[in-house]
Amino acid sequence: MRPKNQVEVISPLPFFPRWLRWGKWHAMAHVPREEQFRNLSVHHPRYFLLPRISMPLHGLLMFLGSLLTARRLHRRAKFDCIDAHFVYPDGTAAVLLGKVLGVPVVVSARGSDINLFPTFRLIRPIIRWTLKNASGAIAVSESLKRVMMEMGLPSGKIRVIGNGIDPELFKSVDPQEARKQLNLPKEGAILVSVGKLLPVKGFQYLIPAFADIAPRFPNARLYIIGEGNFRSELERLVEKMKIQDRVFLIGSRPNEELKYWFSAAEASCLVSSREGWPNVLQESLACGTPVVATRVWGAPEVITSPDLGILVEQNVPAIASALDNALSRRWNRNAIATHGRERTWGVVASEVDEYLAQSVEDARKSKE
């Protein structure tokens, strides 16, 4: 939290009976109504939601579930503004709260809320309404800003503020020391890819691309870090391509460990079809590791120079060629790390703070 600011976090959750055991919903049911995260109070009001069926009503249901909590906190210490992350459904709920409480609202577009949800016929008009009625909007990339403008939001009402990194979590480690920490082989090239195991992340392209270059780099290995419901399909793909001894799906790993994976690798890979501002690219750069990434949405705004990595189209030959290039080239890892560590969360917080203050002042003037 920045000096002189007071923040209350409202993070509503769908209601789910504790006695039912059903994956993530069961875990969500056991989240306390209020918890403390460092010096932040986090409130978790509940709202009713039927998965998928309730999607067009998600913002309204979230608003109704959050209203009593928001009113109580607003009476205790009046809000100057509401900062809502994700235009839908959170932003919709926040704009409704802002109307009830008489408080300006700034909504932040993070990714799928703008590059996916507007393609849904019933959701698009709600997102338009949310953007129109918000006092201001933040986009984490220029690509998201362009879509918001296409939906009718004036350019002057949008501020682009990209994400940052935690310099304590993401910093370069000697590659051999990193390999030792992870119990990885001392010899042979390593590629690492971090992301949820979902079709949108493109692992079904990355694995065949790696298989294509594997004969040229006989000791190279690919480590895929993450979990998701696409795991079984990817495991079958690895087996089909007969590279079980070269490709490893190692599941989720704690953030504190990722600096070792990035530092141990010759390059990291992100071959998604859709991204907002891909944090994982910036985290890789902060560790001094060049990247191979698909040229989609916010990725070109992170990889701004060929000295940082290689941008490609999402197809197997292009990705294979980029992997070959990345493993064959000598990179200046110190320069990459210096660049990657420039944009910290402290820098982001300063930019957000300034924009929120401006939005509050603009809202005040508009009422005069």
Side-chain angles (χ1 to χ4, degrees), residues 6-16 28 31 33-34 40-140 144 147-148 151-154 157-159 352 355-367:
Q6 183 178 343
V7 178
E8 295 282 356
V9 179
I10 301 176
S11 177
L13 297 173
F15 170 79
F16 192 79
M28 208 177 290
V31 174
R33 294 278 177 163
E34 185 174 339
L40 288 176
S41 296
V42 183
H43 308 268
H44 298 291
R46 266 41 176 195
Y47 61 97
F48 289 98
L49 180 74
L50 291 174
R52 298 189 181 182
I53 296 173
S54 300
M55 190 173 181
L57 298 173
H58 199 159
L60 175 61
L61 294 170
M62 188 180 283
F63 155 71
L64 293 172
S66 305
L67 181 56
L68 290 178
T69 299
R71 268 185 168 154
R72 172 172 57 83
L73 295 173
H74 186 54
R75 281 197 299 267
R76 191 168 71 190
K78 289 193 177 297
F79 304 156
D80 291 303
C81 70
I82 299 174
D83 176 25
H85 292 255
F86 291 95
V87 175
Y88 187 84
D90 310 67
T92 302
V95 170
L96 290 169
L97 288 172
K99 287 184 175 296
V100 171
L101 302 177
V103 173
V105 177
V106 171
V107 297
S108 292
R110 317 299 303 178
S112 58
D113 52 343
I114 289 297
N115 63 28
L116 175 62
F117 288 176
T119 63
F120 302 151
R121 182 173 55 87
L122 296 177
I123 305 298
R124 186 177 179 87
I126 304 173
I127 292 176
R128 281 183 181 274
W129 179 89
T130 301
L131 293 173
K132 180 180 178 181
N133 286 274
S135 301
I138 292 172
V140 295
L144 292 178
V147 177
M148 295 163 81
M151 297 186 71
L153 195 63
K157 199 176 175 181
I158 310 168
R159 176 74 60 86
V352 171
Y355 182 63
L356 293 180
Q358 176 190 318
S359 298
V360 169
E361 180 63 16
D362 290 346
R364 184 188 64 78
K365 288 179 179 178
S366 69
K367 291 180 180 179

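Count residues from 1 along the sequence.
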*Apply side-chain contact (heavy atoms from CB on, under 4.5 Å) to the pair I138 and I158, showing each step before the final yes or no.*
CA-CA 6 Å; I138 292 172; I158 310 168; over 6 Å; no
Closest non-hydrogen atom pair between [X] and [Y], with its separation:
X: V87; Y: D113; value: N-OD2, 2.7 Å
X: P45; Y: T69; value: CB-OG1, 3.6 Å
X: Q6; Y: A77; value: NE2-CB, 3.9 Å
X: I82; Y: V103; value: N-CG1, 3.9 Å
X: S11; Y: H44; value: O-ND1, 2.8 Å
X: R159; Y: Q358; value: NH2-OE1, 3.0 Å

_side-chain contact (heavy atoms from CB on, under 4.5 Å) for M148 and L131? Distances and angles first, verdict last._
CA-CA 8 Å; M148 295 163 81; L131 293 173; 3.8 Å; yes
[Y] backbone acceptor or donor facing [X] side chain under 3.5 Å:
X: K157; Y: A134; value: yes
X: R124; Y: L122; value: no
X: K132; Y: G152; value: no
X: D362; Y: V360; value: no
X: R110; Y: V140; value: no

To the nearest 0.5 Å, how far apart are [atom1] in [X] and [atom2] in [Y]?
X: L64; Y: L57; atom1: CG; atom2: CG; value: 10.0 Å
X: I127; Y: F120; atom1: CD1; atom2: CZ; value: 9.0 Å
X: L13; Y: Y47; atom1: CG; atom2: OH; value: 7.0 Å
X: I10; Y: R72; atom1: CD1; atom2: CZ; value: 8.5 Å

*Going through the distances and angles, do L67 and L96 end up as a side-chain contact (heavy atoms from CB on, under 4.5 Å)?*
CA-CA 9 Å; L67 181 56; L96 290 169; over 6 Å; no
*asked:* Would you say CZ of F48 has more than 12 non-hydrogen atoms from neighbouring residues, nucleotides or ligands within 6.0 angstrom?
replied: no
_Can you confirm whether R71 is buried at CZ, in the sense that more than 12 heavy atoms of other residues, nucleotides or ligands lie under 6.0 Å from that atom?_
no
_Please tell me whether S135 and S359 have a donor and an acceptor in their side chains that are separated by less than 3.5 angstrom._
no
*Between H43 and E8: side-chain donor-acceptor atoms closer than 3.5 Å*: yes
Can you tell if the side chain of [X] reaches within under 4.5 Å of the side chain of [Y], non-hydrogen atoms only?
X: V105; Y: N133; answer: no
X: S41; Y: V9; answer: no
X: V106; Y: Y355; answer: yes
X: S108; Y: D83; answer: yes
X: T130; Y: V107; answer: yes
X: E34; Y: V42; answer: no
X: F63; Y: V95; answer: no

*Measure up the F117 and Y88 rings against each other and bin them: parallel (under 30°), tilted (30 to 60°), perpendicular (over 60°).*
perpendicular
*Could you please spell out the steps behind the side-chain contact (heavy atoms from CB on, under 4.5 Å) verdict for L97 and S66?*
CA-CA 8 Å; L97 288 172; S66 305; 4.2 Å; yes
